[in-house]
Amino acid sequence: MTSVQPHVKEAGTGPAVLCLHANASHSGQWKGLMGMLATEFKVLAVDSYGAGQTPDWHSDRTISLQDEVDLLAPVLDNTGEQFTLVGHSYGGAIALKVALLFPHRMWLRSISLTSGWGR
């Protein structure tokens, strides 16, 4: 199987902040946040499989959160030893999986699960 490289938007320098977008979105959803944080942080916004400029999932097998984490491997190598993780919706699920697999690489400050659509 060919190794897929995720598309990553990067801005700023400093401690790394890795941003993972919602389903049916792409790294562009973080444009505003990247602009605000780039003065103090290295912000990395990744396109997941089939989003933005990252190729589609390459298998007939149903994609898993582990597959999404595996896609992030080269990005995680670029974050430094510790980083902050931000995930929205499906990106939040991927972020939780990353946090479970690499707890030594981040300091968990909070987890927020919200929905802006219901009452």
Side-chain angles (χ1 to χ4, degrees):
M1 207 178 320
T2 305
S3 176
V4 175
Q5 294 294 313
H7 175 75
V8 182
K9 293 182 181 184
E10 185 174 328
T13 59
V17 177
L18 177 58
C19 300
L20 305 174
H21 63 78
N23 191 21
S25 188
H26 54 80
S27 58
Q29 92 170 53
W30 300 111
K31 182 179 178 181
L33 182 66
M34 290 180 81
M36 289 188 289
L37 296 181
T39 58
E40 296 182 44
F41 299 93
K42 176 182 179 178
V43 186
L44 303 157
V46 182
D47 286 334
S48 63
Y49 279 110
Q53 296 180 42
T54 297
D56 289 337
W57 174 238
H58 51 274
S59 174
D60 291 336
R61 181 177 54 78
T62 301
I63 193 169
S64 69
L65 290 176
Q66 184 62 55
D67 295 318
E68 297 281 14
V69 172
D70 292 344
L71 176 68
L72 295 174
V75 181
L76 295 174
D77 290 343
N78 193 26
T79 61
E81 185 56 31
Q82 293 193 322
F83 58 95
T84 299
L85 195 53
V86 178
H88 174 236
S89 189
Y90 183 67
I94 298 168
L96 287 172
K97 183 74 172 180
V98 170
L100 289 170
L101 292 171
F102 305 102
H104 59 285
R105 294 195 58 194
M106 62 196 69
W107 182 44
L108 185 60
R109 295 179 189 187
S110 67
I111 296 175
S112 178
L113 304 174
T114 63
S115 172
W117 301 106
R119 290 186 176 223

Query - Side-chain heavy atoms of Leu20 within contact of Leu72, under 4.5 Å - result: yes
For [X], give me all partners under side chain to side chain donor-acceptor pair (under 3.5 Å), at least two apart in sequence or on another chain.
X: Asp67; result: Arg61, Ser64
X: Asn23; result: none
X: Thr79; result: Arg105

Report task. Sorted by first residue and then second, give each ring-ring contact (aromatic ring centres under 6.0 Å, His included) pair with at least one member in residues 26-55; sequence neighbours left out. Result ->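 Pairs touching residues 26-55 that pass the test: Tyr49-Trp57, Tyr49-His58.
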Query - Full working for side-chain contact (heavy atoms from CB on, under 4.5 Å) between Leu33 and Val43 - result: CA-CA 9 Å; Leu33 182 66; Val43 186; 5.8 Å; no
Results of side chain to side chain contact (heavy atoms under 4.5 Å, CB included) for [X] - residues two or more places apart only:
X: Pro74; value: Gln5, Pro6
X: Ala22; value: Ser25, Gln29, His88, Ser89
X: Leu101; value: Gln66, Val69, Lys97

Query raised in the report: Hey, any chance Tyr90 and Val98 share a hydrophobic cluster, counting ILVMFWY side chains that come within less than 4.5 Å of each other, even indirectly?
Result: yes
Query raised in the report: Got a sec, which pairs hit side chain to side chain donor-acceptor pair (under 3.5 Å) with one end in residues 8-17, sequence neighbours left out?
Result: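 Found none.
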Requested in this report: Would you mind listing every salt bridge (Lys or Arg N to Asp or Glu O under 4.0 Å) that reaches into residues 70-93, with sequence neighbours excluded?
Outcome: none
Query raised in the report: So which residues get pulled into Leu100's cluster when ILVMFWY side chains under 4.5 Å apart are joined, directly or through others?
Result: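 Members besides Leu100: none; it forms no cluster.
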Query raised in the report: To the nearest 0.5 Å, what is the distance between CD1 (Ile63) and CG (Leu71)?
Result: 7.5 Å
